[in-house]
Amino acid sequence: MPRNYIRKTTRQNWSETSMQSALDAVKDGMAFKTASRQFSVPLMALKRRTKGKNKLAMGAVKVLGSKQTVFTTEQEAELVKHIKDMEIRMYGLTKTEILSLAYTLAEKNKIKHPFSSKREKAGIEWLKGFRKRHPDITLRAPESTSAARARAFNKPVVDKFFSILKDTQAKHSFPPYRIFNVDETSLCTVPTKNTKVFAQTGRKQVARVTSAERGDTTTAVVCGSATGNFIPPMFIAYFLQAMPRNYIRKTTRQNWSETSMQSALDAVKDGMAFKTASRQFSVPLMALKRRTKGKNKLAMGAVKLIN
């Protein structure tokens with residue numbers, strides 16, 4: 001059966017309200033044919049529902065076809081609630097886990113199902129139907145969150161933070177332009193996700209050229225006030241040669257101290273090996289070699305020179 005089935009008949013095009021009115025009229029003594037004509041409902045459907053011969057539908061409820069969902073409405077609602085609870089606790093369920101959970105739920109409750117006993121999972125078609133019946137859940141890519149942050153982010157901690165913030169604001173009465181919010185984000189020179197591209201069917205590997213297989217990470221720190229004013233963003237990166245001058249720039253290059261480099265240079269002159277001096281004084285090996293051999297055209301000795 002297609003996933004997006006289009007009806008080709010007009011069966012059960014009557015309303016449930018009309019059927020219920022016809023059923024009530026028949027119970028009150030009205031003839032079947034009269035009730036059928038008066039409330040515009042099929043005669044045979046009215047007879048079957050009055051005599052209780054419809055095994056699938058009771059009363060005025062519509063049921064199209066003999067195929068029924070594996071779980072009842074109440075069971076699916078309970079499953080949806082469980083999915084939402086797990087996501088709130090930052091342990092969201094994947095597609096595979098939901099399919100396995102549906103199979104386990106059907107087996108434990110001895111519910112007749114068409115799921116695969118070999119794979120012990122529900123089918124992908126069941127999942128598509130389940131998502132259509134419950135549009136309030138969707139598939140999202142979660143953001144990685146450390147266990148420490150997850151434990152720290154709870155109601156008592158958040159309530160304490162806002163209580164301190166309220167007391168501080170009441171004490172000092174900071175104007176909006178003096179209230180700032182700071183946030184940081186990580187940027188990579190090489191995209192971690194690639195968009196899908198067209199390729200020949202059957203190719204085992206599809207590649208895409210990037211500047212490098214592993215890019216350098218740059219941290220961007222943005223700070224803005226409650227009035228919408230922003231200070232220049234800060235970039236913390238290994239290489240900042242091409243960064244605009246009106247930005248605040250910090251680098252992780254040459255994070256050694258000049259004192260340590262000078263001590264390493266003196267130790268190499270006294271006969272210590274480059275690798276030993278590099279480890280002992282915590283300075284980069286190649287920088288130590290270049291400065292010892294005078295190959296650094298911009299910086300001499302232990303003096304730092306960035307950009």
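Please read all numbers here as calculations on a predicted model, not as lab measurements.
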Euclidean distance, I98 CD1 relative to I83 CD1, rounded to 0.5 Å = 4.0 Å

Quick one: are L99 and F115 in side-chain contact, heavy atoms under 4.5 Å?
-> no

Are I88 and M90 linked, directly or through other ILVMFWY residues, by side chains that come within less than 4.5 angstrom of each other?
-> no

Could you pull out the closest heavy-atom pair between A102 and A122, with the gap in Å?
-> CB-CB, 4.0 Å

Any idea which heavy atoms bring P42 and S36 closest together, and the distance?
-> C-OG, 3.9 Å

Minimum side-chain heavy-atom gap I231-F180 below 4.5 Å = yes

Correct closest heavy-atom pair for L43 and K33 would be CD1-N, 3.9 Å

Side chains of T227 and S225: donor-acceptor distance under 3.5 Å anywhere?
-> yes

Pairwise distance CD(E97) to OG1(T104) - rounded to 0.5 angstrom = 11.5 Å

Rounded to the nearest 0.5 Å, the CG atom of N181 sits from the CZ atom of F230 at a distance of 9.0 Å

Is it true that I124 and Y103 fall in one hydrophobic cluster, defined by side-chain heavy atoms closer than 4.5 Å?
-> yes

T50 side chain to L46 backbone, donor-acceptor under 3.5 Å = yes

Output for pair (R131 CZ, H134 NE2), nearest 0.5 Å, gives 12.5 Å

Distance (rounded to the nearest 0.5 Å) between I179 CD1 and T168 OG1 = 10.5 Å

Within the 6.0 Å centroid threshold, strictly below: H113 and F71 | no

Residues A45 and M19: closest non-hydrogen pair is CB-CE, 4.2 Å

Do I111 and Q75 come within less than 4.5 Å of each other through their side chains, counting heavy atoms only?
-> yes

Y91 atom OH, over 12 foreign heavy atoms within 6.0 Å | no

F39 and A22 have their tightest heavy-atom pair at CD1-CA, 3.7 Å

Is a salt bridge present between D85 and K81, judged by a nitrogen-to-oxygen distance below 4.0 Å?
-> yes

Rounded distance [0.5 Å steps], CE in M30 versus CG in D24 | 10.5 Å

Look at the side chain of S100 and the backbone N and O of T96, then say whether any donor-acceptor pair between them is shorter than 3.5 Å.
-> yes

Ignoring hydrogens and angles, tell me if any N or O in the side chain of E87 forms a donor-acceptor pair with the backbone of L93 under 3.5 Å.
-> no

Is atom CZ of R178 surrounded by more than 12 heavy atoms (other residues, nucleotides or ligands) closer than 6.0 Å?
-> no

Report the residue from T219, V182, V221 that forms a side chain to side chain contact (heavy atoms under 4.5 Å, CB included) with M234.
-> V221

Got more than 12 heavy atoms from elsewhere within 6.0 Å of CD, E78?
-> no

Where is the tightest heavy-atom contact between W14 and S40, given as atom of each residue plus distance?
-> CB-O, 3.9 Å

